There are 2 protein chains.
Amino acid sequence: MKLDPRHLEILFAIVESGGMGEAADMLGKSQPSLSRSVSLLEERVGLPLFEPGRRPLRPTELGLALAAEGRKVFQAMRDSGTVLEQFQRGKTGAVRVGGTPVFLDGVISPMIADFQANNPSVRIDQSYGYAAELLPRLEEGSLDLAVLPMRDASLPDGFAFQQILTGRNVIACRSGHPLMRRGAVKLPEVSKYPWIAPPANSPLYHDLRAVIEGIGTKDFKIGFSGGSLTAVVSILTGSDALTVLPFSVVFMMRHLKTVSALPIRIGDPDRHLGILHHIAQSPRPSVERFTGFLTQEFASLSTRITRVGQASVWLP
Amino acid sequence: MKLDPRHLEILFAIVESGGMGEAADMLGKSQPSLSRSVSLLEERVGLPLFEPGRRPLRPTELGLALAAEGRKVFQAMRDSGTVLEQFQRGKTGAVRVGGTPVFLDGVISPMIADFQANNPSVRIDQSYGYAAELLPRLEEGSLDLAVLPMRDASLPDGFAFQQILTGRNVIACRSGHPLMRRGAVKLPEVSKYPWIAPPANSPLYHDLRAVIEGIGTKDFKIGFSGGSLTAVVSILTGSDALTVLPFSVVFMMRHLKTVSALPIRIGDPDRHLGILHHIAQSPRPSVERFTGFLTQEFASLSTRITRVGQASVWLP
DNA sequence: CAGTTTCATAACTTGCCGTTATATAATGAG
DNA sequence: CTCATTATATAACGGCAAGTTATGAAACTG
């Protein structure tokens, strides 16, 4: 015979509260409802759960034993209520975020650290990739959002793109770089130094190409290529090499005082950093909370960047 | 919003078994039933519990979290099933047994020890008393059964009496008592020794009076009275005092080799030991199991007693 | 690409929950 | 002992959802 867990919950409430009236209040039901549930349960069990003819209802041994099980059910339901609330408020859950390595490592990861300080129960699954790989994953639902530099025009159908930062690249070098010592740097001078190239299929690589073409010189030494941001920074700080990086990335690293941006204006990319997601995937609360956090952080970052930008010279 | 614990159980079963079909078998329901329960739960929760468009159903984070709560519910229901079965089979519960001190201590308690060896989860609440006290308690339901010596004729309405042992009293003494050394003992001889008297309102006291009257001598020394069986036996073994005890009590103590029965035939009481209960109280399974055990034990005790009785001389 | 498996839908019956109104029974006070 | 009070049971009824079988659609498998 199968018992109804709701009956055990009711039994528990009655035993716990000491009477049907209080139990009814406790459960938000009417007293007759409980009364009938109890008789139904007793009928199924075949044994009395309360001693008959006792007005402050007193449970039998069996009644107590089953009420103990009812307590477990009750607690499980309470717990599931809080679990559910946590999920609904986005305080629990998973966020699967993809993006280009440089932005993810240089800008997003520190923000994730902040986010997790306030949302310790939200798990972040981060994965690297460029638009070509990330778009299908957004579409199939194995990714919740992607942080990508993107041209508005190149947005495929079914995706939503929310810009969070205007694209701006700089030529980066180590803080004590020879070119930093002089007041102004002329473009042709940079061609004397070796260059670090991002992976060939990355957006940054295209930007690098555009910069190099803008300078006009064909004579560039590529001393290193294909590394992650960490590798690039290591090479950068250990040599006089140059590279092209998003200004935001250099900005985020400013407190390290190891990497600087050359005071040269180069052509800005036609891409802007934004959050991409697929409209067919209704975002879970945790994802919404995370994207909300990201946009807020980027808004703050934007104002800080433009303030510094207006100050023109900001570097250590 | 309140969730239905049965839904969580279903969710757990699906997550656990890996599919709706198996879960349906596991729960003894049909697959469409589960399907609809899940959609109903998802609707209430407002968030997907399974990733959409996946054929071997894969739970979401929230689905897993709620399934974990469902497991608790499931286990509580399993447990309550076994608890219930235990009660129904009488393997768990309480038995409130009353009786006269001498029988309870001398005969019933050792049997309870045996019973509890096989039924460790049955709690026995033992209380002492005579018919005058025990009958009302049976009637009001604060006692399940009483083991009493009783006259059939004196059985009040509403009670059932099941005889388990024919009444037979003996004169008891310590094993090395002077009267035991001679072949036959004549009744007048016993008047030389001090007597131990049971409490004045006990059935045994009436029996003692009857024996004494049967002997004819008015000259009896009462050296001790009012004690429990333990006290009586202590006095008995430490002195040459005599007393009247039910044969069954002496019989149960035979392996102690400290108490014997004088080989004198005295008048048997007009009471017989039996189990008394009130017919309005439908017995719980544990009570039924216990009374069944008792009658069986007494049946066995009866045959052993009569076998020894036919051998006439049985004492150490 | 077809076959198979797995899940969702449809249509319908049944059971039980939840309600309000009211009866009945145990308890406690005088 | 009786009455007032409180606590539980019953009645009647609407409604939701669980349960069924039959069937359709979609995703995985080879």
Side-chain angles (χ1 to χ4, degrees), chain A residues 1-45 48-60 63 67 70 73-74 77 136 139-142 280, chain B residues 1-45 48-60 63 67 70 73-74 77 139-142 280-281:
Chain A
M1 160 223 337
K2 195 64 173 54
L3 276 52
D4 190 327
R6 294 174 299 175
H7 288 168
L8 295 194
E9 248 186 311
I10 289 174
L11 178 62
F12 160 70
I14 295 175
V15 169
E16 181 78 358
S17 67
M20 278 201 177
E22 304 211 20
D25 293 343
M26 177 174 162
L27 297 175
K29 304 180 195 295
S30 67
Q31 172 266 320
S33 183
L34 301 204
S35 175
R36 215 184 19 185
S37 292
V38 167
S39 6
L40 226 134
L41 179 57
E42 280 184 321
E43 188 185 328
R44 292 192 193 170
V45 164
L49 300 174
F50 292 95
E51 297 181 9
R54 278 280 167 58
R55 209 35 21 151
L57 230 41
R58 194 190 323 176
T60 62
V73 175
F74 182 81
M77 296 314 292
E139 191 162 20
E140 81 184 21
S142 71
Chain B
M1 162 222 335
K2 196 64 172 54
L3 275 52
D4 190 327
R6 294 173 300 176
H7 288 169
L8 296 193
E9 247 185 313
I10 289 173
L11 177 63
F12 160 71
I14 294 175
V15 169
E16 180 80 358
S17 68
M20 278 201 177
E22 303 209 22
D25 293 343
M26 177 174 161
L27 297 175
K29 305 182 195 297
S30 68
Q31 173 265 319
S33 184
L34 300 205
S35 175
R36 214 183 20 184
S37 292
V38 167
S39 12
L40 223 129
L41 179 57
E42 280 184 321
E43 187 186 328
R44 291 191 194 172
V45 164
L49 301 174
F50 292 96
E51 297 182 8
R54 278 282 167 58
R55 204 46 7 161
L57 230 42
R58 195 192 319 180
T60 62
V73 176
F74 182 81
M77 295 315 292
E139 192 160 18
E140 81 183 20
S142 71
Q281 310 290 342

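The shown structure was predicted, so the numbers you read here are calculated from the model rather than taken from an experiment. Below, chain A is the first sequence line, B the second, and so on; all start at residue 1.
Rounded to whole Å, the distance from CG on B/Leu34 to P on C/dT6 is 14 Å. The distance between atom CG of B/Leu57 and atom P of D/dA26, rounded to the nearest whole Å, is 16 Å. Going from atom CZ of A/Arg36 over to atom P of C/dG15 covers 14 Å, rounded to whole Å. Per the geometry, CD belonging to B/Glu43 stands 12 Å off C1' belonging to D/dA17, to the nearest Å. The distance from atom CZ of A/Phe50 to atom P of C/dA26 is 17 Å, rounded to the nearest whole Å. One can place CG of B/Asp4 at 14 Å from P of C/dC16, the figure rounded to the nearest angstrom.
Comparing C/dG18, C/dT27, D/dT21 against the side chain of B/Pro32 picks out D/dT21 as the nearest. Each of D/dT21, D/dA9, D/dA18 was ranked by its minimum atom distance to the side chain of A/Met20; first place goes to D/dA9. The A/Ser30 side chain lies nearest to C/dT19 when the options are D/dA18, D/dG19, C/dT19. With D/dG19, C/dC17, D/dC28 as the candidates, the nucleotide lying closest to the side chain of A/Ser37 is C/dC17.
Using a 4.5 Å heavy-atom cutoff, the side chains of B/Leu41 and B/Leu8 are in contact. Side-chain contact between A/Met20 and A/Phe50 is absent, with no heavy atoms from C-beta onward closer than 4.5 Å.
At a cut-off of 3.5 angstrom, the base of D/dA9 holds at least one donor-acceptor pair with the side chain of A/Gln31.
By the 4.0 Å N-to-carboxylate-O rule, B/Lys2 lies close enough to A/Glu9 to be salt-bridged with it.
Counting non-hydrogen atoms under 4.0 angstrom, B/Pro56 reaches the backbone sugars and phosphates but no base.
Residue whose closest nucleotide on DNA chain D sits further toward the 5' end, between B/Arg44 and A/Gly19: A/Gly19.
Taking 4.0 angstrom as the limit, A/His7 places none of its side-chain polar atoms (N or O) nearer than this to OP1 or OP2 of C/dC16.
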